[in-house]
There are 2 protein chains.
Amino acid sequence: MDESGPSGRPEEDGAPSSRAVRIQDVARLADVSTATVSRALASPERVSPEARARVLEAIAKTGYVPNPAARSLRSQKTYMVLVVLPDLSNTFFSKILRGIEERLFEAGYGMIISDLDGSPEKEAHFAAFTAAGRVDGAILLNGHLFGQSRDGEGTPAKTGIPLVALCEAIPSADIPQIEIDNRAAASGMTQHLASLGHRSIAYVSGPPNNILERERFLGYQEGLKASGLPFDPALVLAGDYTIASGMRAGQDLVARSTRPTAVFCTSDEMAIGLMRTLLSAGLRVPEDISVAGFDDIEFAAVAEPALTTIRQPRRELGQTAAAVLVDLLQGRPSPKRIRLETELVLRDSVAPPQNMEKAPAKITRTSAIKPT
Amino acid sequence: MDESGPSGRPEEDGAPSSRAVRIQDVARLADVSTATVSRALASPERVSPEARARVLEAIAKTGYVPNPAARSLRSQKTYMVLVVLPDLSNTFFSKILRGIEERLFEAGYGMIISDLDGSPEKEAHFAAFTAAGRVDGAILLNGHLFGQSRDGEGTPAKTGIPLVALCEAIPSADIPQIEIDNRAAASGMTQHLASLGHRSIAYVSGPPNNILERERFLGYQEGLKASGLPFDPALVLAGDYTIASGMRAGQDLVARSTRPTAVFCTSDEMAIGLMRTLLSAGLRVPEDISVAGFDDIEFAAVAEPALTTIRQPRRELGQTAAAVLVDLLQGRPSPKRIRLETELVLRDSVAPPQNMEKAPAKITRTSAIKPT
DNA sequence: AGTTCTGATGTAATCGATTACATGGCAACA
DNA sequence: TGTTGCCATGTAATCGATTACATCAGAACT
């Protein structure tokens, strides 16, 4: 009764309208049973070469594609993977997604994206979605398991399907984790700044309670300690990884009478926003203040000045997470934790502090113009 | 035999493991038939209040979620929408996706993303995917319909499911188009540059054959004509919307002996890459060359100098496309073409050319620091 | 009081693929 | 030559929800 698509009649001209080429049609044309058709596709070695050839020919002739709903109903598999992330419009995720999509595609899986958007309602929806068996597995980028529809008390997320945590480790859950060593990376950057002579290094944080943030903050403190510098709470500025929060942090700094000589922002977005604010206020980067970022997003290299930062292998992170999940889905063993390497990318936004200009600053800096 | 998830036994402790709460279980508990349960959910007005209450209670108690495969098999609906785009890692798309996801979610639809990545193989895969009835509809951001598995001769993409073209119109197809007026926007920016006194305005193009590119290029030419300026092919630089191509265009300009006084880049990415290259070569923006972009991505406002550009309502574009598609899916009528408004965003990267400094340049510029 | 209509509910067919089990033919064996 | 076993194939049950059709009770008629 609501059969009116954009085109009108369900059938016209020669072709019988892509709908309704069933396995039966193929079976009839190939003069075999439906079981043989199914087997010819799922386990070719179990049918005779002749039958297989006839089946394949019939499939080619009819353009048969198995009905996924029927297949899924019977076999309890969906060949779909859910990717849960906190904010789809965040630049940081797009390349990760791409990596995930690539690997999943290769393995024959589709990708469903859920942008949680901080909404518990959405979270509940996707929890139900998952529980309903709509996906075979999930990759979680949001740093926590979502609450189940019921029995949400003790163990979180007993979905029963394979899960993989990407970027944000989930401490309580016994699932594979793909991540970078945030702590070591943050410590490394802090020590790098200190090694250039900076004694007052500010830190622009991520959102509180965020696991990445906790790790990076620990790394920052570690780096200070390793460099023999005291930790000063006044140098910790609140951020949330967004450009806007970087600008706010910048305004905070501009308003101060005494400023740190270097600022370590835990995302490139914040670093870029912060630099913008400093520059607008007449401060120079890196001459007056050095600024470092985290992530190495595309825009880091073309920021003005080009941003010194920590490269995360984003695409590879996505690919790895997808590969691990596919392993799980196909019953293969998989490592419980994979840590990918980060890399300190030295560009122009960091230099030794002004008052000790003696040291040759630029020897470590890479070429700023590097057309990928 | 491959029943070994990460947890081990399929059943443990009290809870009967989220699997296998069927409509029958609910029916038995509520002491009604499966038909009544189904009706209580699909058309509540068709069951008595008491029965409905008992059913809802039983559902709450069991945590029942309808099996989507079964539902889909019977009703021929998937409640899934495919979003096809050329490059998932492109910043420009992320906010559009967010808009799409929001609306789809509200309407109870899921979103499957297909990153074509320029691969015909992938395209064929998703065409088959679509034909297989795996989604109820699709939003196409890639500017063309994908080839069908068979009968790909005459009409392209006779998928039979509702389609919506977003951003890149698809001339040959009779499907709703959601877009901006690229031509008018490009013409407007060109005229804006001309009105400031620029007589030599370069144009950095998108990829050839791209429909956006064609429209914007026409707009550029129109704008020149409307301003009484001649069209000079030497001022057209090849780009492909990426940062890297913007940098290449910048190098081209830097190498020239006589340079245009303004450059209109048809994406913000290119504009930012180009500015970076100019600045590195010692040229000043906007004093030596004005640079304008297109899109108004997040980073445009924090570029140095802040980028004058054309704002596309990206989230709204996504939302609108999704809303139109949902209308189609639910049998409601929908407009054939929707054009959303763009907006000229005046920032600091554009100013009158050097040699006619007399005019007051800055009166039209908006505040550069605007923490969203 | 008898008939008709309406609204709530139940029974069972159905969607299309997978797969356990059954069957039949042929080779390998004693 | 008779028996055993394997391989290719077919038959039919199955997955879980939707829905056409049947049924039945009670209200509203004549």
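Reminder, nothing fancy here: chain letters follow the sequence lines and each chain counts from 1.
- Within the structure, every pair that satisfies the salt bridge (charged side-chain N to carboxylate O under 4.0 Å, His left out) test and touches residues 23-38 of chain B, not counting sequence neighbours, is listed here: B:Arg22-B:Asp25, B:Asp25-B:Arg28.
- The side-chain hydrogen bond (donor to acceptor under 3.5 Å, both in side chains) search around A:Ser72 returns none, not counting sequence neighbours.
- Screening residues 80-89 of chain B for side chain to side chain donor-acceptor pair (under 3.5 Å), with sequence neighbours left out, gives A:Arg98-B:Asp87, A:Arg98-B:Ser89, B:Asp87-B:Ser89.
- Partners of B:Glu45 by side chain to side chain contact (heavy atoms under 4.5 Å, CB included), not counting sequence neighbours, listed by chain and number: B:Ser43.
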5' to 3', nucleotides 10-17 of chain C under a 4.0 Å protein heavy-atom cut-off (B base, S sugar-phosphate only, - none) gives BBBBBBBB
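- For A:Tyr109, the ring pair (Phe, Tyr, Trp, His ring centres under 6.0 Å) test picks out A:Tyr79, with sequence neighbours left out.
- Applying the 6.0 Å contact sphere to CD of A:Gln24 captures no more than 12 heavy atoms from other residues, nucleotides or ligands.
- Between the axis at the start and the axis at the end of the helix from C:dA1-D:dT30 to C:dA30-D:dT1 there is an angle of 40°, using five pairs per end and rounding to 10 degrees.
- Here salt bridge (charged side-chain N to carboxylate O under 4.0 Å, His left out) pairs that include residues 130-142 of chain B, with residues two or more places apart or in two chains, number zero.
- Of the residues in residues 44-58 of chain B, those with a non-hydrogen atom less than 4.0 angstrom from any atom of DNA chain C are B:Val47, B:Ser48, B:Ala51.
- Listed by chain and number, the residues in a side chain to side chain contact (heavy atoms under 4.5 Å, CB included) with A:Leu29 are A:Ala58, A:Lys61, A:Thr62 (sequence neighbours excluded).
- Every residue meeting the side-chain hydrogen bond (donor to acceptor under 3.5 Å, both in side chains) condition with B:Thr36, not counting sequence neighbours, appears here in chain and number order: B:Ser33.
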Side-chain donor/acceptor pairs under 3.5 Å, residues 323-334 of chain B, sequence neighbours excluded:
residue, atom, partner, partner atom, Å
B:Asp327, OD1, B:Arg332, NE, 3.2
B:Asp327, OD1, B:Arg332, NH2, 3.3
B:Gln330, OE1, B:Arg332, NH2, 2.5

